[in-house]
Amino acid sequence: MSKRIFPVVSAFGASLMLAIAVAGPARAQLPFDPAAIEQLTPEQRQKALETLGSGNTGGAVASPDGRFRDQQLSTPTAPVADAESQRLPGAAGSSLSTTAGNLRNGGRGEARPEAPAETPARAPEPVEYGDVADEPLKPFGYDLFATGATTFAPATDIPVPADYVVGPGDSVRVQLFGNDNGNYSLLVGRDGQINFPKLGPIAVAGQRFENVRQLLTERVARELIGVQSSISLGELRSVRVFLTGDVRQPGSYTVSSLATITNLLFVGGGVTEVGSLRQIELKRNGRLVQRLDLYDLLLHGDSSGDARLLPGDVVFVPPVGARVSAAGAVKRPAVYELDQEESVDEVLELAGGLLASVNTGTAQIERFEGNKRAIRQVDLARDADLLSDVQDGDFLRVGPVAGAIDNKVRIIGHVRYPGPYQWQPGYTLRSLLGTAQIKASDAKAEAYLPLGLIERTDPATGVRGWVSFNVSAALDPAGASLPLNRDDRVVILTRDDVSYLDSREVRSVVTGDTQAASSCEALQLLSELANSERASRFLKAFSAENAKSTETARTDTDTERCPPLFTAAPRALQYLLEESTAVYGEVRRPGLYPIARGTPLKTLIDAAGGLSNESDRANIEFVSYAEALTTGQPTYRTLNLRDVQAQNLAVNPGDLFNFKPLYVGQEVGTARIQGEVRFPGSYGILRGERLSQLVKRAGGVTSNAYPYGAVFTRVAARTAERDSYRRAASDLQEAMVTAVTSGALGKDAANSAQFLGTVIARLQNAEAVGRVVIEADPAILEARPEIDPIIEPGDLLVMPKRPISVTVIGQVLNPGSQAFSPGSTVKDYVERAGGYSQAADDGRVFVILPNGTAQKLKASFWNYKAQDLPPGSVIVVPRDPAPFNFVAFSERVFGLLSNLAISAAALASISRN
């Protein structure tokens, strides 16, 4: 048998070599001429292909798992650097490329299809001002092959169609049951027959499977009595086919006998972008038997043209035909290949039709006319334009309608349903507010009703500006309703939005601090007015009270905030400032309030939370901005709210109102009285109230009271005393440094410096009492009212009990308190305390009397009578100032020690009471 095949194969090989020699470089990629294949009979073609496959010429080989790995035909020529330069004759623009993997493996490696290159339909062009740049369009349909080749192994587990033609290599499965049972797998031989047990050879090749099944069933029923059969197909044969033309991996492939044209295209990596998707040809024995249009499959799901392949079939992909691009408001923007489409309407059908957003009057066709490009306007609403012809290279651009809604108004801010609403002639603000529904005030946000804004386009200039209105009046059914224009934007404010007008960041921007405007567009626009006349008016209007509260309530991070309203409408901030009126003084919410022009004063007061209880209704200070513009000089006027005409005063932006407080005699604060009074405690004081009156309000002194030893402290005196201690410590420290460096402290400088350091530390840590020496005896104060002090908030009067002791402190051997002895002198008390110590300075002894005064004892003071040293006195024996030898310095030190001793005595008296 091989001897019979050899002459045929030899003749076929000779014809292939001749074809290669004639074709030359143009066919260097294929080792044969497809035309030579078509001249052979089917049997000769099959034998030749088998021979070529066994000679390691490429082709597809089966792996052990039954999957087919596709390989291109190897070529004896060197790899071509530019695959596109090698083209088949008669297929202009087509190419048969060899992948890098096959070049490296000598045509024996596994082929991996290349993904189709995403090249634009044409190079991008410069976009002129006002033009719309088109996104690059991709040719339609080539993404079908982007996922790479799939495996088309011999099908063994899928139903076989009834029209399947049985051929050599197929396996027929036969199951017999009845009188004789058996299972057989019968292989169709090369002679087209199967060897059926007990029936002999039966010719089945070339017949449809349905006919084969009927034939075998009838033979079994007729010749095997009592036996029935079940006929099916087992493993199917493989067929060798050819893929040529503009595909990514042309060559010879072994595929399943159930494979179709599309299966082979997938195996070959798909069609290149210069190949046609609409004129794919299936040739058999040199004749065209089927033409496949992949658009039918992609656009309509019609696979009827996807014919099944037979051994020796050639699938040829010609170059792409005429192309038209469709972009814009179409459902599938892409570059489409034309087949029988000739009109704009048919091109739009290829593109899936028009989008709902299409503007039919803006369609255009860009066309090559000779050496120039021209543009043609197309009205898609006209049938004549839809039926107009299209040409190769046309670019159909369909524009969408404008993105902006043409008949709308919008509302933002403090409403339940913000957003756009349908506008039509006669649509009013009241209707819009009724639909959007202003939110009710709650703990989180309060509606601001004195003013709302409408952002509107001036038809004469085209500039967007603002119109203000009173929200309460707009909601009143009895009032006139304001008509709205197309594209109006209504803004409903909250009190937080209004409070932002008087915020620290707004004031900072107005004064020229541009850093505060970095994160807020509204502040950036406002910064353009910095240092202008309008900015100076804003600064005058800022409320001092509100500014003070916001400074303490906010941190540095607050400057970064920007209310959502001014983010959505940044230009509203400047307008609201210009339309604001300043309200400060005795109102519950001082600040800046934007109002509509002509708003009654009563409405403005209500917007500010109403008057406080301390407000003087008959003494309201008013500055009219309109009058200041007219006269060039602002003037103050006084209003009386008890007058109805004043309540209805028409307020305009820029006006200033200062609501002054009522004059009341009551001081803001209390004074305390402790100790030996009938009703000690805190008392609210009246302006000008004196100490004797406070004692009377406390029920007077008790019988055990000792007015001579009363301690009276005041906040202002405490502050002054604390400052004097700190200042004295600083001065003493400087003097000590000077004395040490100049040698004034003598030889014992170390001990002197230690002593002075102790004094300085006591001064720095001393607790200030703020004691004021006064007369607290009610009888004396009644007789001498000129020494009766006026009470201030924070004053403290401590009325002690009558003491029974005299205290000796300082440089004595046994300091402490001793029982008061009438007639005893200072010397007597010192001797009872053990006398002076070695470090005592007996020449500088002083006495702190119960009323807080200090007296230095002189030489004649040792002869004091007993009444001159009252009970409760404190005798202080200071330390010897040696080695100080300068009088002024020592006097300063002992004066400070005297003050510290007086404070200590006052604190002791207060703590006892």
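None of the values given here were measured: they were computed from a predicted structure.
Once rounded to the nearest 0.5 Å, the distance linking CD1 of Ile620 with CG of Leu611 reads 6.0 Å. Distance check, rounded to the nearest 0.5 Å: OG1 of Thr713 to CG of Leu796 gives 4.0 Å. Here OH of Tyr448 is found 9.0 Å from CG of Leu576. Values are rounded to the nearest 0.5 Å. To the nearest 0.5 angstrom, Arg588 atom CZ is 13.0 Å from Phe659 atom CZ. With rounding to the nearest 0.5 angstrom, the OH atom of Tyr593 is 13.5 Å from the OG1 atom of Thr603. Between the CG atom in Leu641 and the CG atom in Leu601 there is a gap of 6.0 Å [rounded to 0.5 Å].
For Arg589, the salt bridge (charged side-chain N to carboxylate O under 4.0 Å, His left out) criterion is met by Glu446, not counting sequence neighbours. Asp606 pairs by the salt bridge (charged side-chain N to carboxylate O under 4.0 Å, His left out) definition with Lys602, not counting sequence neighbours. Take Arg714 and apply the salt bridge (charged side-chain N to carboxylate O under 4.0 Å, His left out) test, not counting sequence neighbours, and it matches Glu792, Asp795. Shown here are the salt bridge (charged side-chain N to carboxylate O under 4.0 Å, His left out) partners of Glu689, two or more places apart in sequence or in another chain: Arg697.
Using a 3.5 Å distance cut-off with no hydrogens or angles, the side chains of Thr670 and Ser682 do not pair a donor with an acceptor. Side-chain contact annotation: Ser615 with Glu586, donor-acceptor N/O pair under 3.5 Å absent. Using a 3.5 Å distance cut-off with no hydrogens or angles, the side chains of Thr581 and Asp655 do not pair a donor with an acceptor. Counted by atom type alone, Thr825 and Asp828 present one or more donor-acceptor pairs between their side chains at under 3.5 Å. With 3.5 Å as the limit, one finds a donor-acceptor pair spanning the side chains of Asn851 and Thr853. Between the side chains of Arg832 and Ser824, a donor-acceptor pair is found at a separation under 3.5 Å.
Residues Ala445 and His414 approach most closely at CB-CE1, 3.7 Å, considering heavy atoms. Shortest non-hydrogen contact noted between Pro870 and Leu849 is CD-CD2, 4.1 Å. Of all heavy-atom pairs spanning Pro778 and Val695, the tightest one is CG-CG1, 4.2 Å. Contact detail for Ser472 and Leu449: the closest heavy-atom pair is OG-CB, 3.3 Å. Of all non-hydrogen atoms in Pro590 and Gly585, the two that sit nearest each other are CB-N, 4.4 Å. Residue Ala618 comes nearest to Arg642 through the heavy atom pair CB-NH1, 3.1 Å, listed as atom of the first residue, atom of the second, then distance.
Contact annotation: the side chain of Thr702 never approaches that of Val677 to less than 4.5 Å [non-hydrogen atoms, C-beta and beyond]. Under the 4.5 Å side-chain criterion, counting only non-hydrogen atoms from C-beta, Leu501 is in contact with Ser580. Here the side chains of Ile595 and Glu579 are not in contact, with every heavy-atom distance at 4.5 Å or above. Between Thr807 and Ser873, the closest side-chain pair of non-hydrogen atoms is not below 4.5 Å. Between Phe622 and Asn658 the shortest side-chain heavy-atom distance does not fall below 4.5 Å. Two residues are said to be in side-chain contact when any heavy atoms from C-beta on lie closer than 4.5 Å; Val498 and Leu592 fail this criterion. Side-chain contact between Pro815 and Val808 is absent, with no heavy-atom pair separated by less than 4.5 Å. When side chains are defined from C-beta on, Ile875 counts as touching Leu869, because their heavy atoms get closer than 4.5 Å.
For the pair Asp497 (side chain) and Thr494 (backbone), a donor-acceptor distance under 3.5 Å is present. Side-chain N or O atoms of Tyr836 include none that pairs as donor or acceptor with a backbone N or O of Val877 at under 3.5 Å. The backbone N or O of Asn619 sits nowhere less than 3.5 Å from a side-chain atom of Asn640 that would complete a donor-acceptor pair. Put simply, the side chain of Arg678 gets close to the backbone of Gly699: a donor and an acceptor are under 3.5 Å apart. Remark: the backbone N or O of Arg507 is paired with a side-chain donor or acceptor of Thr511 at under 3.5 angstrom. With Arg690 contributing its side chain and Asp788 its backbone, the two residues share a donor-acceptor pair below 3.5 Å. Checking side-chain atoms of Glu721 against main-chain N and O of Gly770 turns up a donor-acceptor pair under 3.5 Å. Of the possible polar contacts, one joining the Thr719 side chain to the Val715 backbone as a donor-acceptor pair under 3.5 Å is found.
Salt-bridge check for Glu627 with Arg637: passed, with a basic side-chain N closer than 4.0 Å to an acidic carboxylate O. Note on Glu621 versus Lys660: salt bridge recorded, some NZ/NE/NH1/NH2 to OD/OE distance being below 4.0 Å.
Listed by first and then second residue, the salt bridge (Lys or Arg N to Asp or Glu O under 4.0 Å) pairs involving residues 773-783 amount to none (not counting sequence neighbours).
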Criterion side chain to side chain contact (heavy atoms under 4.5 Å, CB included) on Leu649 and Leu639, from CA distance to verdict: CA-CA 10 Å; Leu649 174 70; Leu639 302 177; 3.7 Å; yes

Thr635/Val623 under side chain to side chain contact (heavy atoms under 4.5 Å, CB included): CA gap, chis, key distance, verdict: CA-CA 6 Å; Thr635 57; Val623 178; over 6 Å; no

Criterion side chain to side chain contact (heavy atoms under 4.5 Å, CB included) on Ile787 and Leu781, from CA distance to verdict: CA-CA 7 Å; Ile787 64 173; Leu781 294 178; 4.1 Å; yes

For residues 704-712, which side-chain N or O atoms pair as donor and acceptor with protein atoms under 3.5 Å away, sequence neighbours left out?
unit_1, atom_1, unit_2, atom_2, d
Tyr706, OH, Pro871, O, 3.0

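Within 6.0 Å of CD1 on Ile804 lie no more than 12 heavy atoms contributed by other residues, nucleotides or ligands.
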